Student: 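Before I ask anything, here is the structure I am working with.
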Number of protein chains: 2
Amino acid sequence: MTVSRAFKADSLVSPETREAILKTAEELGYVFDSTASNLRSQKSGFVAVTIPSINNANFADTVGGLSDTLSKRDMQILLGYTNYNVEEEERLIEQLLRRKPEAIVVTGGTHTERARKLLQTVAIPVIETWDMPAHPIGHYVGFSNRAVMRDMVDHFVALGCRRIAFIGGDVQRDSRGSERRLGFIAAMQAHGLDATRLIAAGSPPISMREGANAMAKLIELYPDTEAVVCVSDLAAYGALTECRRLGIPVPERFSIGGFGNYEIGEVCVPTLTTINAFAREIGERTAQLILDILDGTQPVGDVGIAPQLIARDSSRRV
Amino acid sequence: MTVSRAFKADSLVSPETREAILKTAEELGYVFDSTASNLRSQKSGFVAVTIPSINNANFADTVGGLSDTLSKRDMQILLGYTNYNVEEEERLIEQLLRRKPEAIVVTGGTHTERARKLLQTVAIPVIETWDMPAHPIGHYVGFSNRAVMRDMVDHFVALGCRRIAFIGGDVQRDSRGSERRLGFIAAMQAHGLDATRLIAAGSPPISMREGANAMAKLIELYPDTEAVVCVSDLAAYGALTECRRLGIPVPERFSIGGFGNYEIGEVCVPTLTTINAFAREIGERTAQLILDILDGTQPVGDVGIAPQLIARDSSRRV
DNA sequence: ATGAAAGCGCTAACAC
DNA sequence: GTGTTAGCGCTTTCAT
C-alpha cells in the first residue's frame with residue numbers, strides 16, 4: 001500500500017498523505033518491521049564483523065570507524081567476538097551468515113579450513129583486516145604484522161641497542177601476536193643479532209599484569225638486556241610498572257617499546273614508544289571499500305595500511 | 001519440508017535423512033536463512049543493547065557478560081552506541097526496534113521523551129542498566145550512581161581528609177557522571193564539609209589526558225586539597241601521572257580515588273583506590289533476567305547491584 | 001517420519 | 001500519486 005511508500009524517504013507520496021500516515025503510525029505505536037522488508041527485498045542492511053575481543057581499544061576503534069561510516073548509509077553492524085579462537089570464529093561466521101549480511105569483515109587472515117570455505121562460497125564482499133594475507137579470500141585492509149616489527153627493531157638498533165628481548169603471548173591463538181614475534185626474530189637476524197630472548201607471558205591477549213610478570217622474568221633470565229619489544233602497549237605498560245616497582249629506571253636501564261598506540265602510552269611516565277596501526281582508519285577504509293563494492297563504484301581493491309613508529313620517552317640512546 | 005526439520009536439532013527426522021540433507025546442504029553451499037525464519041516464527045533471536053561507547057572497558061565487560069550468557073541460548077546481541085547522547089539513543093532505539101528484538105537493554109535511566117514512549121509501548125522486556133531509576137520503564141539492573149559516591153567520600157573522611165575535590169566531566173551528556181558528581185556533593189554536605197572544589201575536565205567521557213589537565217588545574221586553584229575523587233579510573237590515572245610529572249608524591253601529598261575498577265588501577269604505581277561496579281555481573285544478571293522473563297520463569301524483577309570500594313595504595317591516612 | 005497448504009509483513013512490478 | 005497482485009524462504013498446522 002501507500003503506507004509502505006510513506007516510510008521510504010525517497011518514494012512518491014503526497015506530503016499530506018505521508019504526514020497523516022506517519023502521525024497515525026506513531027499514535028498506534030506501529031513499528032516498521034525490517035524483518036519482512038529484508039526478506040522481500042533480499043537486503044538486510046547488515047554488515048557482519050568479527051573481532052577477537054570486545055574489550056580492546058584497537059578493535060573498538062576499528063569497529064567505531066566501521067560503524068560511523070556505515071551508519072551514514074543506514075547500514076548496521078552485526079558484531080561477534082571470537083575470543084582469539086579460530087574455532088569460535090568459524091562458529092560465529094556461520095551464525096552471522098545466516099542473517100544474510102551484505103558484507104562480512106573478519107579480523108586477521110588465519111581461519112579454519114571450513115571458515116575459509118564458507119567465506120569463499122558466500123556471495124558477498126569479504127574483507128580481512130589487521131593483516132595482509134598472502135592469499136586473501138576477498139579483499140584486505142591491513143598491514144603485515146611481521147614486517148611492522150622491523151621498524152621497532154631498527155629503531156632500537158639505531159639507538160645503539162644490541163641485546164633486545166621480546167615479550168609476547170604463548171604462540172597459539174593470537175596469530176597477529178605470533179606474526180609480530182616472528183617479525184621480531186627476522187628483524188633481529190637481519191641485523192645479525194641474537195633473537196633468542198623471547199618471553200612468553202601467557203595466553204593472549206597479554207594483560208598489563210602479565211606484561212609486568214614477563215618483565216620480572218626477563219630481568220631474572222637476561223639481566224643485561226638493553227631494550228624490550230612488547231607485543232602491545234598493554235604489555236609494555238605492565239613491563240614499565242614492574243621496572244618502577246623494582247626501582248629500575250626506564251629508559252636509562254631498559255628501553256621499552258609497545259604496539260598499538262593506546263591512550264595509556266601517551267599519558268604514562270615515561271611516555272611509551274609505540275607503533276600506530278591506525279585502528280580507526282582500518283575501520284573507515286573497510287567501510288568505504290564495502291560501500292564502493294556494493295555501489296558498483298570502482299573499488300580500490302585491497303588497502304595497505306602503513307603503521308608508523310612513534311618514538312617517545314621510553315626509548316633512548318644507549 | 002523435511003529439510004526445514006533437519007536443521008532444527010530437536011525435531012523428528014530419521015538420522016539417515018538428516019545426515020543426507022546436511023551433507024548435501026554443505027556441498028551446495030546452502031546457508032540457512034534466518035531472515036525468513038524470523039519472519040514466520042516471529043522470533044528474531046536478537047537482544048538489542050545500547051551502550052554509551054564501544055571503547056570503554058566497563059561497558060565492554062557488561063556486553064561480554066550479556067553476550068556470553070545469551071549465546072548459550074543462541075541469542076545474539078544487536079549493539080548500538082549512543083556517544084553519551086540521548087538524541088542519538090532515541091534514533092538508535094527506534095532503529096533497533098525495527099529489527100524486532102526479543103528484549104532491549106539500555107544504559108542508564110535518562111532518555112528523551114519519545115524514547116521513553118517507544119520503550120513503554122513496545123511489547124518486549126525493557127531493562128535499564130548501570131542505574132537505579134526512580135521510575136523504571138520495565139526492569140533495571142544497576143545501582144545508584146549518586147549513592148555510590150557516599151562510600152568513596154566516607155573512605156576519605158575516615159582517613160582524616162577534609163578538603164576533598166571532585167574531578168568529572170562537563171555536566172551535560174553523561175548522566176551517570178553527573179549523578180556521581182551530585183552524589184559527591186551530597187556526601188560532602190552530609191559530613192558538613194565544603195563541596196565546592198569541583199573541576200570540570202571536559203566533555204564526557206573524560207580521558208586520561210583530561211584527568212591530568214584537571215589535576216593541574218586543581219593544584220593551581222586549591223593547592224591545599226587533601227584528597228581527589230575522580231569520576232572514573234581513567235581520570236584518576238591521569239591525575240596520578242600529572243602528580244608524578246610534577247614530582248608530587250601520591251598518596252603522601254594527595255589521596256586519589258577513581259571509579260570502575262579498570263585494569264590500570266591495579267597495575268599502576270601506586271595502585272588506585274576505586275569502586276568495583278561489577279560491570280560483567282551487570283551483563284550476566286541482565287541476560288538471566290531476560291531469559292527468565294522470556295521463559296515465563298518467575299523473574300527476579302529488578303536487580304540491585306552493590307558496588308564495592310577497593311582501598312589501594314593511592315589513598316592513605318592524612 | 002514425512003508431506004501439503006497457508007501465511008508471516010513487507011516490496012517489486014505493474015496497472016490505473 | 002495510489003492500488004493490486006504476487007512472492008521472498010521459512011514455520012505452523014494438519015494430514016498421512
Side-chain angles (χ1 to χ4, degrees), chain A residues 1-46 48 73-76 78 94-103 118 121-124 294-296, chain B residues 1-46 48 73-76 78 94-104 118 121-124 294 296:
Chain A
M1 343 198 146
T2 305
V3 176
S4 178
R5 279 189 266 255
F7 276 87
K8 309 243 80 183
D10 54 339
S11 54
L12 332 256
V13 191
S14 79
E16 311 86 64
T17 317
R18 166 171 283 134
E19 204 181 329
I21 290 173
L22 294 181
K23 183 162 156 286
T24 312
E26 188 84 25
E27 282 169 16
L28 295 175
Y30 166 83
V31 183
F32 180 91
D33 187 336
S34 36
T35 306
S37 168
N38 298 341
L39 176 60
R40 172 66 238 223
S41 65
Q42 298 292 68
K43 280 183 169 189
S44 64
F46 279 135
R73 293 279 272 280
D74 276 322
M75 302 199 76
Q76 218 164 118
L78 199 52
E94 184 166 24
Q95 194 189 322
L96 290 170
L97 289 180
R98 290 176 161 216
R99 301 279 186 186
K100 304 293 164 183
E102 298 181 43
L118 283 168
T121 310
V122 76
I124 55 174
L294 294 181
D295 290 350
Chain B
M1 342 198 150
T2 305
V3 175
S4 179
R5 277 188 267 255
F7 275 88
K8 310 244 79 182
D10 54 339
S11 55
L12 334 253
V13 191
S14 79
E16 313 85 66
T17 315
R18 166 169 285 134
E19 204 182 329
I21 290 173
L22 294 182
K23 183 162 156 286
T24 312
E26 189 83 26
E27 281 168 18
L28 295 175
Y30 166 82
V31 183
F32 181 91
D33 186 336
S34 32
T35 307
S37 167
N38 298 341
L39 176 59
R40 174 65 238 224
S41 66
Q42 297 293 70
K43 280 183 167 188
S44 64
F46 279 136
R73 294 279 272 279
D74 277 321
M75 302 198 75
Q76 218 163 122
L78 200 51
E94 184 166 23
Q95 194 190 322
L96 291 171
L97 289 180
R98 290 175 161 218
R99 301 276 186 188
K100 304 294 166 184
E102 298 182 43
I104 181 164
L118 283 168
T121 310
V122 76
I124 55 175
L294 294 181

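Computation of the quantities below employed the complete heavy-atom set of this structure, encompassing side-chain atoms and omitting hydrogens, waters and symmetry-equivalent molecules. From a predicted model like this one, the values you see are computed outputs, not experimental measurements. Letters A, B, ... mirror the listed sequences (proteins, then strands); counts begin at 1.
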Student: What nucleotide among C:dC10, D:dG9, C:dG9 has an atom nearest to a side-chain atom of A:Q42?
Tutor: D:dG9

Student: As an exercise, state the distance from OG of A:S34 to CG of B:L39, rounded to the nearest 0.5 Å.
Tutor: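 Between A:S34 OG and B:L39 CG, I get 11.0 Å after rounding to 0.5 Å.
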
Student: Starting from P on D:dT2, measure out to CZ on A:R18 and report it in whole angstrom.
Tutor: 10 Å

Student: Quickly work out the B:K100 NZ to C:dC8 C1' distance and round it to whole Å.
Tutor: 12 Å

Student: Do the side-chain N or O atoms of B:S41 get closer than 4.0 angstrom to the phosphate oxygens (OP1, OP2) of D:dT11?
Tutor: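 Answer no for this pair, as no side-chain N or O of B:S41 is under 4.0 Å from OP1 or OP2.
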
Student: Nearest-Å distance, CZ (A:R98) to C1' (D:dG9)?
Tutor: 14 Å

Student: State plainly whether the residues B:K23 and B:E27 are in salt-bridge range, i.e. N to O under 4.0 Å.
Tutor: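 Salt bridge flag = yes for B:E27 with B:K23.
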
Student: Determine whether any donor atom in the side chain of B:R40 lies under 3.5 Å from an acceptor atom in the base of C:dG9, or the reverse, and answer yes or no.
Tutor: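 Such a pair does not exist between side chain and base.
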
Student: Taking the side chain of A:A36 as heavy atoms from C-beta outward, which of D:dG9, C:dC14, C:dG9 is closest to it?
Tutor: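 Per side-chain heavy atoms of A:A36, the pick is C:dG9.
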
Student: Evaluate the side-chain proximity of A:F32 to B:L97: yes if any heavy-atom separation is below 4.5 Å, no if none is.
Tutor: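 Side-chain contact under 4.5 Å: no.
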
Student: Has A:E19 got more than 12 heavy atoms of other residues, nucleotides or ligands less than 6.0 Å from its CD?
Tutor: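 No, not enclosed.
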
Student: Whole angstroms only, please: what is the CG-C1' distance between B:L39 and D:dC10?
Tutor: 8 Å

Student: Looking at A:S14, does any N or O in its side chain come under 4.0 Å of the phosphate oxygens OP1/OP2 on D:dT2?
Tutor: yes

Student: A:R5 has a side chain; which of C:dG9, D:dT11, C:dA13 sits nearest to it?
Tutor: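 Output: C:dA13.
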
Student: Classify the nucleic acid contact of B:T17 as base, sugar-phosphate or nothing, counting any heavy atom under 4.0 Å across all strands shown.
Tutor: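 B:T17: backbone/sugar contact only, no base atoms under 4.0 Å.
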
Student: Ignoring backbone atoms, establish whether B:S37 has a side-chain N or O less than 4.0 Å from OP1 or OP2 of D:dT11.
Tutor: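 Yes, B:S37 has a side-chain N/O under 4.0 Å of OP1/OP2 on D:dT11.
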
Student: To the nearest angstrom, how far is B:N38 atom CG from C:dC10 atom P?
Tutor: 14 Å

Student: Which pair of heavy atoms, one from A:N38 and one from A:K43, lies closest together, and at what distance?
Tutor: OD1-O, 3.0 Å

Student: Under 4.0 Å between a side-chain N/O of A:T2 and OP1 or OP2 of D:dG3, yes or no?
Tutor: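 A:T2 to D:dG3 OP1/OP2: side-chain N or O found under 4.0 Å.
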
Student: Could you tell me the separation between the CZ atom of B:R99 and the C1' atom of C:dC10, rounded to a whole number of Å?
Tutor: 14 Å

Student: Measure from CG on A:D33 to P on C:dC8 and round the result to the nearest Å.
Tutor: 12 Å

